Amino acid sequence: QVHLVESGGGSVQAGGSLRLSCAASGYTYSSVYMGWFRQAPGKEREGVAGIDSNGNTNYADSVKGRFTITKDNTKNTLYLQMNSLKPEDTAIYYCAATPYIPPDGRTWRRQDWYNRWGQGTQVTVSS
């Protein structure tokens, strides 16, 4: 089984940057597609970005141009570089993995597409 552990969260001021990491262990070959999700207080969990094993990426419109998802296959680690952070980016951020490639540009956002989740890391952006 794949085990995911996020790190790198914290508190920053608006306009600042953070880089989240997600270390994967276990049968990582089965993690064909990986994603970052976030959940703000009182809101549903939403997809932020996704990446396949070839480096093809998807982003939510709200983070395009500010966030970058990358994956280091030699270290089995997923990253999310977050720049120009806004207070509305405040949330718990989760990484997730699935053995299935999303068939279109929308499926990667579905929580039920993923079968492994990390415990989450808090990101707080102050104005």
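Remember, predicted model here, so these are calculated numbers, not experimental data.
A heavy-atom distance below 4.5 Å is not found between the side chains of K75 and S21. Between R45 and W117, some side-chain heavy-atom pair lies under the 4.5 Å cut-off. Using a 4.5 Å heavy-atom threshold, the side chains of T70 and Q81 count as separate. Contact of the D89 side chain with the R66 side chain is registered, since non-hydrogen atoms from C-beta on lie closer than 4.5 Å.
Among all heavy-atom pairs drawn from Y94 and G118, the shortest one is CD2-O, 3.6 Å. Across G35 and Y114, no two heavy atoms sit closer than the pair N-CE2, 3.9 Å. Listed here is the closest heavy atom pair of K71 and S53: NZ-CA, 4.3 Å. The heavy-atom pair separating Q122 from A91 by the smallest distance is NE2-O, 3.4 Å. Summarising the geometry of P87 relative to S126, their closest heavy-atom pair is CG-C, 4.5 Å, with the distance given to 0.1 Å. The nearest pair of heavy atoms linking G47 to A60 is O-CB, 3.5 Å.
Taking the six-membered ring where tryptophan is involved, the planes of W113 and Y100 are perpendicular, since the angle between them exceeds 60° and thus also 30°. Between F67 and Y93, the ring-plane angle classifies as tilted under the 30° and 60° cut-offs.
Atom CH2 of W108 is separated from atom OH of Y59 by 9.5 Å, given to the nearest 0.5 angstrom. The CE atom of M82 sits 11.5 Å away from atom CZ of R19, with the distance rounded to the nearest 0.5 Å. Note: Q119 CD to L4 CG = 9.0 Å, rounded to the nearest 0.5 Å. Atom-to-atom distance recorded for L20:CG and S7:OG is 8.0 Å, nearest 0.5 angstrom. How far CG of N58 is from CG of D52: 8.5 Å, rounded to the nearest 0.5 Å. One finds the OG1 atom of T107 at 9.5 Å from the CG atom of D112 (value rounded to the nearest 0.5 Å).
A single hydrophobic cluster is not seen to contain both I69 and Y79; linkage of ILVMFWY side chains at heavy-atom distances under 4.5 Å, directly or through other members, places them apart. Both I51 and W36 are members of a single hydrophobic cluster when ILVMFWY side chains are connected at heavy-atom separations under 4.5 Å. In this structure, V12 is a member of the same hydrophobic cluster as V63, with clusters built from ILVMFWY side-chain heavy atoms closer than 4.5 Å.
Between the side chain of T90 and the backbone N or O of V125 there is at least one donor-acceptor pair closer than 3.5 Å. Proximity of a side-chain donor or acceptor of N54 to a complementary backbone N or O of N56 within less than 3.5 Å is not detected.
Considering only residues two or more places apart in sequence or on other chains, K64 meets the salt bridge (charged side-chain N to carboxylate O under 4.0 Å, His left out) condition with D61.
Salt-bridge annotation for E46 and R109: absent, with no side-chain N of the basic residue lying under 4.0 Å from a carboxylate O of the acidic one.
Results of the side chain to side chain contact (heavy atoms under 4.5 Å, CB included) test with E6 over I92, T121, L80 single out T121 as the only residue that passes.
With no hydrogens or angles considered, no side-chain donor-acceptor pair links N115 and T98 at under 3.5 Å.
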